[in-house]
Amino acid sequence: MCAGMVIVGAGQAGFQTAFSLREGGFRGPVTLIGNEKRLPYQRPPLSKAFLHGLADEASLHFRPQTLFEKLEIDFLPDAEVTAIDRASCAMVCGAGQTIPYEHAVIATGSRPRRLLVEGAGLGHVVYLRTIEDAIGLKEKVARANDIVVIGAGFIGLEFASVARKLGRNVHVVEAGSRMMARAVTPPAAAFVQRRHESWGVEFSFETTIEAIKSRDHVVTGVRLGDGRVLKADLVVVGIGAVANCELAAEAGLATDCGILVDDHLLTSDPRISAIGDCAVHPNVFARAPIRLESVQNAADQGRAVAARLLGEALPYRAVPWFWSDQGDVKLQIAGITTGHDHCVVRGSVEDGRFAVFCFANGRFLGVESINRPSDNMMARRVLALPQPPTLHDFEAFDFSLKAILDCPRDATPSDFLVSA
């Protein structure tokens, strides 16, 4: 077998790498290895459209099987890579098969963090990551009345909004003092919480889980740290994700809560890249190396690695952006707003259409927008400027993203003000 590009992981990052290689003109062997039986598919709709019955499995596929064949991408489903033989430059699969590589890309993603309490292993305590998870959850929701969601992050809240729309009683339990604390500012979080409460979702914050109660191995409730017992016949857990970096670590690659890569997404072995949810990378929009769990990051890193392998070796500098659809709330984030020390709200919170501009020491970090998609698009363009504006610049332009973008391309907003 001729050595070529071997990609381990057929999620968004791995899929994008394979197709970007072909789109860029690479003619050598491309092998994409997935550990699920299905074609590569989109994960974001699993907690929303798919769960609500608005999307079927076929609509989630990135591309049909025929296109993989046409582009001569050798897709290996239901396959497990058990080791990386770095000395021989080969992937070792579970059946003893070895696949040689010229360059390897690890895109193994992440997995849900597990709840470690009594009763957590019961059949109606579920997680949502794969389409199999979603199919099983959909069936369980159809038979449930009372659902407890553990974790007020994106996945938990997206599921909660769908479950309420389907008429289920939903109570969200969060260990922190507010929802989405790691992702958004207090003003954005407070608005989203009010919307959920208006739909009938109940919340308990600063609350721990003591145990999942059951009778005859059937879930009956959730016992909280404060002594309360919430009635439940289904428990959905969304308490974060853990990077799938064991394969890399066992191969001797540098890891630290993820696979460590440089700004070209190369691991400590120059013949191996790592991208997507499993990779900890330097990011100019963050204060320290970061592991991002987002479609944007996965897709852009796949494109960046493919470009490097095709001879365009540029450091990874893509602007991070995220989104979450919860009921009639479209939350979008441009940049990384955690660590902000100042924020300014513009728009109408009462009408549910506003944006939160975030800064740290006067440096622009990003914008969180609620039902204002144009703000998200413009904020991404502003963040991509060679010299992003400061808080002073935003104040001078009354926080108009359009006005900042209309400045001459070779000038900062401050330069523009001086010359005006």
**Q** Please report the closest heavy-atom contact between Arg111 and Ala243, naming both atoms and the distance.
**A** NH1-O, 3.5 Å
**Q** Is any side-chain heavy atom of Val173 less than 4.5 Å from a side-chain heavy atom of Val222?
**A** no
**Q** Could you pull out the closest heavy-atom pair between Phe354 and Val349, with the gap in Å?
**A** CD2-CA, 3.6 Å
**Q** Tell me whether the NZ or CZ atom of Arg164 lies within the 45° cone about the ring axis of Trp199 and under 6.0 Å from its centre.
**A** no
**Q** Under 3.5 Å, is there a donor-acceptor pair between the side chain of Thr207 and the main chain of Phe205?
**A** yes
**Q** Is it the case that the side chains of Asn283 and His281 hold a donor-acceptor pair, with the cut-off being a distance below 3.5 Å and no angle test?
**A** yes
**Q** Within a strict 4.5 Å, meaning less than it, do heavy atoms of the Arg63 and Phe68 side chains meet?
**A** yes
**Q** What residues, two or more places apart in sequence or in another chain, satisfy side chain to side chain contact (heavy atoms under 4.5 Å, CB included) together with Val305?
**A** Thr17, Val105, Leu265, Ser273, Ile275, Arg308, Leu309
**Q** Quick check against the 3.5 Å criterion: does Gln301 have a side-chain atom that pairs as donor or acceptor with the backbone of Gly276?
**A** yes
**Q** Is any side-chain heavy atom of Ile84 less than 4.5 Å from a side-chain heavy atom of Met91?
**A** yes
**Q** Supply the atom-to-atom distance Leu51 CG to Leu46 CG, rounded to the nearest 0.5 angstrom.
**A** 9.0 Å
**Q** Taking C-beta and beyond as the side chain, do Pro187 and Cys343 meet within less than 4.5 Å on heavy atoms?
**A** yes
**Q** For the pair Arg22 (side chain) and Phe26 (backbone), establish whether a donor and an acceptor sit closer than 3.5 Å, ignoring hydrogens and angles.
**A** yes
**Q** Between Leu405 and Val382, is any pair of side-chain heavy atoms under 4.5 Å apart?
**A** yes
**Q** Looking only at heavy atoms, which two atoms of Val117 and Ile209 are closest? And how far apart?
**A** CG1-O, 3.5 Å
**Q** Is there a donor-acceptor contact under 3.5 Å from the side chain of Tyr41 to the main chain of Thr130?
**A** no
**Q** So, does Asn371 use its side chain to make a donor-acceptor pair with the main chain of Lys330 at under 3.5 Å?
**A** yes
**Q** Measure the shortest side-chain to side-chain distance between Arg43 and Gln12 over non-hydrogen atoms and say whether it is less than 4.5 angstrom.
**A** no
**Q** Mind listing the closest non-hydrogen atom pair of Cys93 and Ile99 along with its distance?
**A** SG-CD1, 3.9 Å
**Q** Can a salt bridge be assigned to the pair Asp269 and Arg86 using a cut-off of 4.0 Å between side-chain N and carboxylate O?
**A** yes
**Q** Looking at side-chain heavy atoms only, is the closest gap between Phe62 and Leu39 below 4.5 Å?
**A** no
**Q** Quick one: sort the Phe359 and Phe364 rings into parallel, tilted or perpendicular, breaks at 30° and 60°.
**A** tilted
**Q** Run the salt bridge (Lys or Arg N to Asp or Glu O under 4.0 Å) test on Lys48 and Glu158 for me, step by step, so that the C-alpha distance in whole Å, both residues' side-chain angles and the decisive distance to 0.1 Å come before the verdict.
**A** CA-CA 6 Å; Lys48 300 178 279 289; Glu158 288 169 0; 3.1 Å; yes
**Q** Does the pair Phe191 and Val329 meet the rule for a side chain to side chain contact (heavy atoms under 4.5 Å, CB included), with working shown?
**A** CA-CA 10 Å; Phe191 172 82; Val329 174; 4.1 Å; yes
**Q** Any salt bridge linking Arg353 with Asp351? Criterion: basic side-chain nitrogen under 4.0 Å from a carboxylate oxygen.
**A** no
**Q** Is there a side-chain contact between Tyr316 and Val261, using heavy atoms and a 4.5 Å cut-off?
**A** no
**Q** If you apply the rule ring pair (Phe, Tyr, Trp, His ring centres under 6.0 Å), what do you find for Phe322 with Phe154, and how did you get there?
**A** CA-CA 10 Å; Phe322 317 82; Phe154 286 169; 7.6 Å; no
**Q** Does a donor on one side chain and an acceptor on the other come within less than 3.5 Å for Asn376 and Arg372?
**A** no
**Q** Taking only residues two or more places apart in sequence or in another chain, which ones pass salt bridge (charged side-chain N to carboxylate O under 4.0 Å, His left out) with Arg195?
**A** Asp328
**Q** Ser400 side chain to Ala403 main-chain N or O, any donor-acceptor pair under 3.5 Å?
**A** yes
**Q** So does Glu132 pair up with Arg38, basic N to acidic O under 4.0 Å?
**A** yes
**Q** Once rounded to the nearest 0.5 Å, what's the spacing between atom NZ of Lys37 and atom CD1 of Ile131?
**A** 13.5 Å
**Q** Using a distance-only test with no angle check, is there a side-chain donor-acceptor pair under 3.5 angstrom linking Thr108 and Asn244?
**A** no
**Q** Is the number of heavy atoms from other residues, nucleotides or ligands under 6.0 Å of Lys140 NZ greater than 12?
**A** yes
**Q** Between Val172 and Gly151, what is the shortest heavy-atom contact and its length?
**A** CG1-O, 4.0 Å
**Q** Inspect the surroundings of CD in Glu72 and state if more than 12 heavy atoms from other residues, nucleotides or ligands are less than 6.0 Å away.
**A** no
**Q** Please test Leu391 against Phe357 for side chain to side chain contact (heavy atoms under 4.5 Å, CB included), starting from the C-alpha separation and ending with a verdict.
**A** CA-CA 9 Å; Leu391 173 60; Phe357 294 76; over 6 Å; no
**Q** When you measure from the side chain of Glu174 to the backbone of Gly176, do you find a donor-acceptor pair of N or O atoms at a distance under 3.5 Å?
**A** yes
**Q** Does Asp146 use its side chain to pair, donor to acceptor, with the backbone of Asn169 at less than 3.5 Å?
**A** no
**Q** Is there a donor in the side chain of Thr185 and an acceptor in the side chain of Glu368, or the other way round, less than 3.5 Å apart?
**A** yes
**Q** Which heavy-atom pair separates Leu234 from Val219 by the least distance, and what is that distance?
**A** N-CG1, 4.4 Å
**Q** Above 12 or not: heavy atoms from other molecules or residues under 6.0 Å from CD of Glu246?
**A** yes
**Q** Sub-3.5 Å donor-acceptor pair from the side chain of Thr82 to the main-chain atoms of Val92, do we have one?
**A** yes
**Q** Distance-only, no hydrogens or angles: does the Ser20 side chain make a donor-acceptor pair with backbone N or O of Ala306 under 3.5 Å?
**A** no
